[in-house]
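The structure under discussion appears below in the form of structure tokens.
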Amino acid sequence: MSIELQMLGTGNAFAKNYHNNNALIHVGDYTLMVDCGITAPLALHQLGKTVNEIDAILITHIHGDHVGGLEELGFQMKFIYNRKPVLYIASTLVRPLWEHTLSGGMTQEGIERIEDVFDVRPIVAEQPITLTEGLDIELIQTPHIDGKNSYSFLVNETIFYSGDMKFHPHLLEHLVYERGVKTILHDCQLHPPGIVHATLDELLSLPEQVRSTILLMHYNDDKEDFIGKTKEMTFLEQHQFYTLG
Ligand SMILES: O=c1ccn([C@@H]2O[C@@H]3COP(=O)(O)O[C@H]3[C@H]2O)c(=O)[nH]1
Ligand SMILES: [Zn+2]
Ligand SMILES: [Zn+2]
């Protein structure tokens with residue numbers, strides 16, 4: 001079954017021309033939000049949407065451009081819409097998300113644990129789960145910041161969405177050649193050094209068959225200067241709809 005992808009933003013953590021690299025995945029009436037960064041509530045608002053239209057959120061890792069909007073989302077859901085949003089997150093990240101990121105702002109009478117605001121669904125890498133009919137997710141642990149857990153994921157076995165990750169050609173080639181992945185949505189640091197992200201030059205070094213599956217996201221503000229310099233790879237554009245799978 002195909003999915004509809006709409007990026008809330010396609011910028012990197014410091015971009016000002018683009019929102020944070022967060023996404024909406026639509027399957028029928030179901031809407032999954034992928035990451036909820038600092039700019040996600042504003043991006044939703046600019047699309048004429050409210051947080052109440054989100055059925056669930058999936059978190060890749062704990063950086064502000066991926067979780068910085070969760071406090072507003074959680075408070076809006078609780079105090080305006082009176083419901084607990086479903087939060088899919090690696091089991092290894094549940095405590096760090098609450099204790100290192102959210103608890104300072106959200107702790108008050110009646111909110112002592114993350115479960116008081118979110119319907120937390122801990123998930124485990126390499127154990128696929130069905131979110132709704134036609135939407136299966138499999139987390140894959142991928143390298144980003146040394147010592148910090150970070151995850152990418154497969155959608156319906158054929159679409160790979162990178163959380164922020166270092167260049168990992170072996171994984172990308174394995175996904176395309178051995179797992180039948182048809183589309184790779186990959187974060188891309190346009191200017192070297194990448195260090196914690198794959199750079200454009202690194203992604204350009206992949207075999208043509210792999211490059212031809214790649215849509216670039218999480219890019220710098222001067223992305224327009226790179227149009228025509230990415231070989232078979234193309235840039236994802238925020239707010240546009242893409243039918244994938
Ligand atoms: O060891 C580090 C940790 C972080 N950073 C920068 O901070 C940003 C945090 O969000 P991000 O993961 O999208 O991108 C990261 C980089 O731009 C870095 O360059 N080296
Ligand atoms: Zn990021
Ligand atoms: Zn990151």
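Predicted model, so just to flag it, every value in this text is computed and none were measured. Counting convention: from 1, in listed order, for ligands and their atoms alike.
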* Structure fact -> Checking heavy atoms under 4.0 Å, the part of N21 that sits near ligand 1 is neither

* Asked: Where is the nearest protein heavy atom to atom 15 (C) of ligand 1: which residue, which atom, and how far?
  -> H197 NE2, 3.9 Å

* To do: Write out the residue and atom name of the closest protein heavy atom to atom 4 (C) of ligand 1, then the distance separating them to 0.1 Å.
  => I145 CD1, 4.2 Å

* Asked: Charged N to carboxylate O under 4.0 angstrom, E157 versus K182?
  -> no

Need the ligand 1 atom indices (1-based, order shown) with element for anything under 4.0 Å from a heavy-atom of [X].
X: H144; result: 12 (O)
X: D65; result: 10 (O), 13 (O)
X: H218; result: 13 (O)
X: F14; result: 6 (C), 7 (O), 8 (C), 17 (O)

* To do: Report yes or no: does H63 have an N/O/S atom closer than 2.8 Å to the Zn ion (ligand 3)?
  => yes

* Asked: Angle class for the Y219/Y18 ring planes (parallel below 30°, perpendicular above 60°, tilted otherwise)?
  ->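 Rings of Y219 and Y18: perpendicular, as their planes differ by over 60°.
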
* Does K223 make a cation-pi contact with F235, if we ask for NZ or CZ under 6.0 Å from the ring centre and within 45° of the axis? -> yes

* Asked: Which is closest to atom 19 (O) of ligand 1 by heavy-atom distance: D187, V196, N20, D164?
  ->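 Considering heavy atoms of D187, V196, N20, D164, the nearest to atom 19 (O) of ligand 1 sits in V196.
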
* To do: Please find the N/O/S atom of D164 nearest to the Zn ion (ligand 2) and write down its name.
  => OD2

* Tell me, which N, O or S atom in D65 is closest to the Zn ion (ligand 2)? ->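 It is OD2, the N, O or S atom of D65 closest to the Zn ion (ligand 2).
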
Quick one: does [X]'s side chain have a donor or acceptor within less than 3.5 Å of a partner on [Y]'s backbone?
X: S162; Y: M165; answer: no
X: N220; Y: D222; answer: no
X: E202; Y: T199; answer: yes

* Do the side-chain N and O atoms of N149 and H144 include a donor-acceptor pair separated by under 3.5 angstrom? ->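 Checked: N149/H144 side chains show no N/O donor-acceptor pair below 3.5 Å.
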
* Would you kindly say whether D65 and H218 are connected by a side-chain donor-acceptor distance under 3.5 Å? =>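 Per modelled atom types, D65 and H218 side chains form a pair under 3.5 Å.
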
N/O/S of [X] less than 2.8 Å from the Zn ion (ligand 2)?
X: H61; answer: no
X: D187; answer: no
X: H218; answer: yes

* Q240 CD: over 12 foreign heavy atoms closer than 6.0 Å -> yes

* Structure fact -> Among the N/O/S atoms of H144, the Zn ion (ligand 3) lies closest to NE2

* Begin with the C-alpha distance, continue with both residues' side-chain angles, and end with the deciding distance and a verdict on side chain to side chain donor-acceptor pair (under 3.5 Å) for H168 and H170. => CA-CA 6 Å; H168 194 339; H170 176 74; over 6 Å; no

